[in-house]
Amino acid sequence: MRTHIRFGTDGWRGIIAQDFTYDNVRACAQGVADYLAREGMADSGLVVGYDTRFASEHFAQAVAEVLAGNGIKSYLCDKAVPTPVVSYNIVVLKTAGAVVITASHNPANWNGFKFKSQYAGSASPDVVATLENHIAKVLESGKVGTIPLEQGLKDGVIEHIDPAPSYMSHISTLVDLEPIKRAGLRIVVDSMYGVGAGYFHRLIEGGTTRVTEINGERNPLFPGIQQPEPIAQNLTRLSGLIKEEGADVGLATDGDADRLGMVDEKGDFISPLQIFGLLALYLLEVRRERGAMVKSLTTTRMIQHLGELYGVPVFETPVGFKHIGPVMIRENALIGGEESGGFGFRGHIPERDGILSGLYILDLMVKLGKKPSELIQYLYDKVGPHYYDRIDIHFDASCRQSILHRMTNSRPKMVDGYPVASVDSTDGWRILLQDGSWLLMRFSGTEPLLRIYAESQSPERVKRLIEFGESLAGL
C-alpha cells in the first residue's frame with residue numbers, strides 16, 4: 001500500500017499496478033465507508049460505477065465488496081457508464097453519493113477513484129480533506145472490511161443496477177429532442193473508446209438526423225490518441241471525417257463522458273472556451289433563462305462579457321468542479337464551466353456532463369439555423385474575438401520547487417507590450433493585462449505537468465503570451 005493518497009481536482013488517480021492497485025483501491029473504499037459511518041450516512045448506500053479502462057469493472061467490484069463488508073449497500077452498475085449517469089443516479093436512488101472508477105482523460109496506464117457527494121457533484125474541498133484523513137488512517141492500520149461479491153448479492157447489500165434509463169428519461173425533459181431528430185443534421189461522434197459510446201445514437205436518432213460514431217468500441221489502450229481527452233491533437237480523425245462526409249458538426253466525449261469536445265463543419269477545432277461561450281449564450285438568449293454563471297479562473301472572459309450583457313452575476317473559482325459545484329448550488333447557478341470542457345447546468349446536477357452539453361449545442365444549431373462556425377461568429381459579434389491555447393509541459397518532479405520559485409518571484413510590469421493589471425495566485429499564477437488578455441501557469445493536480453494557458457484577441461498574441469510563460473518557468 002501507499003503511505004498516503006491525495007485527491008486532485010476530481011478524485012485520486014494513479015498508474016495501474018504501480019500506485020493504482022487493489023490494495024489501495026480497497027483502502028480508499030474503506031476510507032469512504034468510515035467517512036459515511038462518521039457522518040451518519042451509511043444507511044443511505046452508494047452508487048458504484050466504472051469506465052472502460054483496463055480492469056475498471058474489477059476495481060469497482062472491489063469497492064462494492066468493501067462497502068458490503070462494512071454493512072453499506074452499494075448499487076453496482078451492471079456495465080461501464082458515463083460519470084454523469086452514475087452521478088444522476090445518486091438523485092434517483094437518494095444515496096449518500098457515489099464512487100466512480102475512472103481516470104477520465106488520463107493516459108491508458110492510469111486509473112482513478114472519484115467520490116461524488118450526496119448532492120450528485122464532485123466532493124467539496126472540505127469533504128475531500130476529511131476523506132483523505134480517513135484513507136490515511138486505513139493505510140496506516142491496514143484494516144479493511146470486505147466480503148465476496150456473491151455473498152453481498154445474496155445478502156442484498158450489493159445490488160446490480162442499470163443506471164441509464166432514468167438518466168435518459170431525465171435528459172429528455174431538459175432538451176426537446178424531437179426538433180433535433182427532425183433537423184436532418186449529419187453528426188459525427190468520437191467517443192474516444194470511452195463510456196459515451198452509443199448515447200447520442202440512442203437519444204437523437206429516429207428522424208432525418210444521422211449520427212456516425214467512431215472509436216465507439218472498448219479499447220483500454222486508446223489507440224491513435226495520446227489519451228481520451230477531446231483536444232485538437234486527439235481529434236484529427238474526427239476532423240478528417242467531417243471534411244470527407246461534409247458533416248455539420250463533430251462532437252467528442254472524453255473517457256468518462258463528462259467533458260465535451262467539438263469540431264465545426266470545416267473540420268476546425270472549437271476550443272472548450274468557445275463551447276462555454278456558446279452554451280452560456282444558448283441559455284441566456286435562446287432559452288431566455290437567467291441566473292448566475294460560475295467559471296474556473298482558467299476559462300474564458302467571454303463569460304464576464306455575457307454576464308454584463310444579460311445582467312447576470314459571474315462567480316470565479318479555482319480549477320475543478322469540487323469548487324464550481326458548491327457555488328452552483330449556493331447561487332442556483334444557470335451554468336458552471338471549466339477550461340477542460342466540463343459544463344454543468346441548473347435543473348440537472350452540479351456536475352460536468354458531456355452528453356447534455358452536446359445536446360444543448362445541437363439544439364442551439366437547430367434553434368438559430370446556424371452551423372458551428374457561424375455560431376462562433378455570432379458569439380464574437382456580441383463579445384468580441386477571443387482566442388485561446390494551452391500547452392502541457394512534462395517535467396521531472398524534482399524540478400517542481402525551482403519552477404515554482406521562478407514563477408512566483410517574477411513580477412513583470414509589462415507583457416507583450418501591455419501593462420499588467422493584476423497578478424493573483426488563487427490557483428497557480430495568473431497575470432491579467434489591462435486589455436483583458438491573461439496568462440496562467442499552474443501545476444496539474446494528478447501528474448508532473450505544468451499547464452500554461454492564455455487568452456487574447458488574436459492567435460498571434462496567444463502564442464506570444466504562452467512563450468512568455470515558458471520563459472518565466474524556465475522551460
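Just so it is clear, the model here is predicted, and its values are computed rather than measured. As a basis for the values below, the full set of heavy atoms in this structure was taken, side chains included, without hydrogen atoms, waters or symmetry mates.
- Salt-bridge check for Glu316 with Lys295: passed, with a basic side-chain N closer than 4.0 Å to an acidic carboxylate O.
- Between the side chains of Asp435 and Ser437, at least one donor N or O sits under 3.5 Å from an acceptor N or O.
- Of the residues Phe54, Phe113, Phe20, the one that meets the ring pair (Phe, Tyr, Trp, His ring centres under 6.0 Å) test with Phe59 is Phe20.
- Using a 4.0 Å cut-off between a side-chain N of Lys or Arg and a carboxylate O of Asp or Glu, Asp258 and Lys114 qualify as a salt bridge.
- Side-chain contact, Arg53 with Asn111: no donor N or O sits under 3.5 Å from an acceptor N or O.
- Taking a cutoff of 4.0 Å between a charged side-chain nitrogen and a carboxylate oxygen, Lys243 and Glu265 do not qualify as a salt bridge.
- Across Phe276, Tyr378, Tyr360, a single residue satisfies ring pair (Phe, Tyr, Trp, His ring centres under 6.0 Å) together with Tyr282, and that is Tyr360.
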- Output, in order, the C-alpha distance, side-chain angles, deciding distance and verdict of side chain to side chain donor-acceptor pair (under 3.5 Å) for Ser191 and Asn215. CA-CA 6 Å; Ser191 299; Asn215 300 329; over 6 Å; no
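- Thr209 places a side-chain N or O within donor-acceptor distance of the main-chain N or O of Leu185, the cut-off being under 3.5 Å.
- With sequence neighbours excluded, the residues satisfying side-chain hydrogen bond (donor to acceptor under 3.5 Å, both in side chains) with Asp416 are Arg461, Arg464.
- Salt-bridge check for Lys266 with Asp268: failed, with every basic side-chain N at 4.0 Å or more from each acidic carboxylate O.
- Looking at Lys79 and Glu57, no side-chain N of the basic residue comes within less than 4.0 Å of a carboxylate O on the acidic one, giving no salt bridge.
- Residues Ser122 and Lys116 have side chains that bring a donor and an acceptor to within less than 3.5 angstrom of each other.
- Ion pair Glu229/Arg390 flagged as a salt bridge, since at least one NZ, NE, NH1 or NH2 atom sits closer than 4.0 Å to an Asp/Glu carboxylate oxygen.
- Salt-bridge annotation for Lys371 and Asp264: absent, with no side-chain N of the basic residue lying under 4.0 Å from a carboxylate O of the acidic one.
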- Query: Going through the checks in order, is the side-chain contact (heavy atoms from CB on, under 4.5 Å) test met by Ile361 and Leu260?
  - Reply: CA-CA 10 Å; Ile361 289 292; Leu260 178 73; 4.3 Å; yes
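- One side chain, Thr298 or Ser296, offers a donor N or O that lies under 3.5 Å from an acceptor on the other.
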